[in-house]
Trainee: 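What follows is a single structure, and I will ask about it in a moment.
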Protein chains: 2
Amino acid sequence: MDIRTRLLETAEQLFERHGFAATGMDRLTSAAGISSRTLYKHVGNKNGLIAAVLNERDRRFHRLVEADSIDALFAALETWFGQAGARGCLFLRAWGETGGGVPEIAEAMERHKQRLRERIDAIVLAEIGRHDDDLVEAIQLLFEGATHAATYRGEAAADAARRAAHRLAGLARIA
Amino acid sequence: MDIRTRLLETAEQLFERHGFAATGMDRLTSAAGISSRTLYKHVGNKNGLIAAVLNERDRRFHRLVEADSIDALFAALETWFGQAGARGCLFLRAWGETGGGVPEIAEAMERHKQRLRERIDAIVLAEIGRHDDDLVEAIQLLFEGATHAATYRGEAAADAARRAAHRLAGLARIA
DNA sequence: GCACATGTAAAGTGACCGTTTTACACTGCC
DNA sequence: GGCAGTGTAAAACGGTCACTTTACATGTGC
């Protein structure tokens, strides 16, 4: 496996499981089996590593969530929980741990949320045949809520969100 | 002001703004104007301090959210954003930063979420005249979603969640 | 055959971490 | 008068932090 890929995958797992600040660079290099010199050549510094991990995660997330229906969207979320665990949104966690003061991290989060919104917009168009900002926003809130509620309620949160989204889409359809 | 109160308020602000790991005990004692010896006599250690901050926040939160209607619930959330800022759920953030491995913190989070659910259950009973677990869960998801979406969408997230909750309650009323 | 890029191992940088210790001052109560 | 309780300031504890440096091993391309 490519060194950079191995580094980013290892880092993502450790960040996800233990948090960003609590994951030291030494633990990371020994877990990934690379030297610290190599790590710094690849990502510059710790914030660069965090941003790289987030951007890679964003790519993977949006490859999974290429859904074109509400059902598929929340099924993808449930799949995601199974693969990556349910410990809240890693973008929000990174933003929070760094106090929101690291531009590259803040930008990664904004981009991720914006892309999610666009995906949901496309789904709403497919489901009810027109744009509906209120419905898009509601579904994004349910998605966000499920992401976080899953930490204490388990994967079932995705299904509850799916059902609520369906009810709202039904209302929008006849409005 | 009472020393313990001053300590917890200062700690809550710093934790909220910079994260838990990034807030050192030295910065905390000097910000609160107390000695580190006094701090450790009061809360034992850093995890004890975090748990104390969370439990105090839970009390304050539930004093604010004594709403008995959907409107009042989300109005309270908007008030909360104005008072405490919108940086995501501090309970989830603490749980995530500590890897979920600190019992006193995990318990504080569970208790907080359970109490929120009970509050929403009472609101649903008042709004539609009977218990409805699906509606309770949906509203909690919207509440959770607004809490986190507010970090990148601003306080308006609370209003969007309020409107979606109303639509769902309307459906449940005629079902 | 030699420069060059890319990797390793390992020690070292100063700063900061959470926590404890030492020594001292002020209060209120029996 | 004396003692317990509660606070302070300041230094010290060993450990870990992010990051750099030094020295050396590769394979690849011209």
Side-chain angles (χ1 to χ4, degrees), chain A residues 1-54 90 93-106 108, chain B residues 1-54 90 93-106 108:
Chain A
M1 189 194 300
D2 178 58
I3 273 202
R4 188 186 170 86
T5 307
R6 179 152 43 104
L7 167 60
L8 293 187
E9 283 186 6
T10 307
E12 184 174 348
Q13 281 173 26
L14 292 180
F15 287 155
E16 167 98 19
R17 194 122 41 207
H18 307 291
F20 295 87
T23 301
M25 299 299 253
D26 280 11
R27 192 177 312 177
L28 221 138
T29 50
S30 65
I34 63 173
S35 70
S36 69
R37 192 164 198 257
T38 301
L39 184 149
Y40 281 98
K41 281 207 169 184
H42 275 281
V43 295
N45 54 38
K46 191 173 187 179
N47 285 334
L49 172 60
I50 294 175
V53 165
L54 292 182
L90 200 65
R93 289 173 62 190
W95 183 82
E97 279 205 44
T98 54
V102 181
E104 36 198 331
I105 294 176
Chain B
M1 189 194 299
D2 178 59
I3 274 203
R4 188 186 170 85
T5 306
R6 180 151 42 103
L7 166 60
L8 294 188
E9 282 186 7
T10 308
E12 185 174 347
Q13 281 173 26
L14 291 180
F15 286 154
E16 167 98 19
R17 194 123 40 207
H18 308 291
F20 295 88
T23 302
M25 298 299 253
D26 278 12
R27 191 176 314 176
L28 221 137
T29 50
S30 66
I34 64 174
S35 70
S36 67
R37 192 165 198 258
T38 302
L39 185 151
Y40 280 97
K41 281 206 171 186
H42 273 281
V43 294
N45 54 37
K46 191 173 186 178
N47 284 334
L49 171 61
I50 294 175
V53 165
L54 291 182
L90 199 67
R93 288 174 61 190
W95 182 82
E97 278 205 45
T98 55
V102 181
E104 36 198 334
I105 293 176

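Since the model is a prediction, treat every value here as computed from it, not as a measurement.
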Trainee: I'd like to check the side chain to side chain contact (heavy atoms under 4.5 Å, CB included) partners of A:Ala22; sequence neighbours left out, ordered by chain and number.
Mentor: none

Trainee: For C:dT6, does either OP1 or OP2 sit under 4.0 Å from a side-chain N or O belonging to A:Thr38?
Mentor: no

Trainee: Enter the distance from B:Phe15:CZ to B:Leu90:CG here, rounded to the nearest 0.5 Å.
Mentor: 8.5 Å

Trainee: Got a list of side-chain donor-acceptor pairs under 3.5 Å for residues 35-42 of chain A, not counting sequence neighbours?
Mentor:
from: A:Ser35; atom 1: OG; to: A:Thr38; atom 2: N; distance (Å): 3.3
from: A:Ser35; atom 1: OG; to: A:Thr38; atom 2: OG1; distance (Å): 2.9

Trainee: When you measure from the side chain of B:Glu97 to the backbone N and O of B:Phe20, does any donor-acceptor pair fall under 3.5 Å?
Mentor: yes

Trainee: Have a look at A:Gly48 and say if it touches a base, only the backbone sugar-phosphate, or nothing, with a 4.0 Å heavy-atom cut-off.
Mentor: nothing

Trainee: Is B:Arg27 atom CZ crowded by more than 12 heavy atoms from other residues, nucleotides or ligands, each under 6.0 Å away?
Mentor: no

Trainee: In whole angstrom, what separates B:Arg4's CZ from D:dG7's P?
Mentor: 11 Å

Trainee: Does the protein touch nucleotides 14-23 of chain C at the base, only the backbone, or not at all? Give it as B, S and - per nucleotide, heavy atoms under 4.0 Å.
Mentor: ---SSBBBBB

Trainee: Quick one: are A:Leu49 and A:Leu7 in side-chain contact, heavy atoms under 4.5 Å?
Mentor: yes

Trainee: Figure out the CG/C1' separation between A:Leu39 and C:dT8, and round it to whole Å.
Mentor: 14 Å

Trainee: For B:Glu16, which residues count as a side chain to side chain donor-acceptor pair (under 3.5 Å) partner, sequence neighbours excluded?
Mentor: B:Arg57

Trainee: OP1 or OP2 of C:dT6 versus the side-chain N and O atoms of A:His42: is any pair under 4.0 Å?
Mentor: no

Trainee: Considering the terminal five base pairs at each end of the helix from C:dT19-D:dA12 to C:dC30-D:dG1, what angle separates the two local helix axes, rounded to 10°?
Mentor: 10°

Trainee: Apply side chain to side chain contact (heavy atoms under 4.5 Å, CB included) to A:Thr98 and list each qualifying residue two or more places apart in sequence or on a separate chain.
Mentor: A:Asn47, A:Val102, A:Ile105

Trainee: Rounded to whole angstrom units, what separation is found between the CD1 atom of B:Ile34 and the P atom of D:dA10?
Mentor: 16 Å

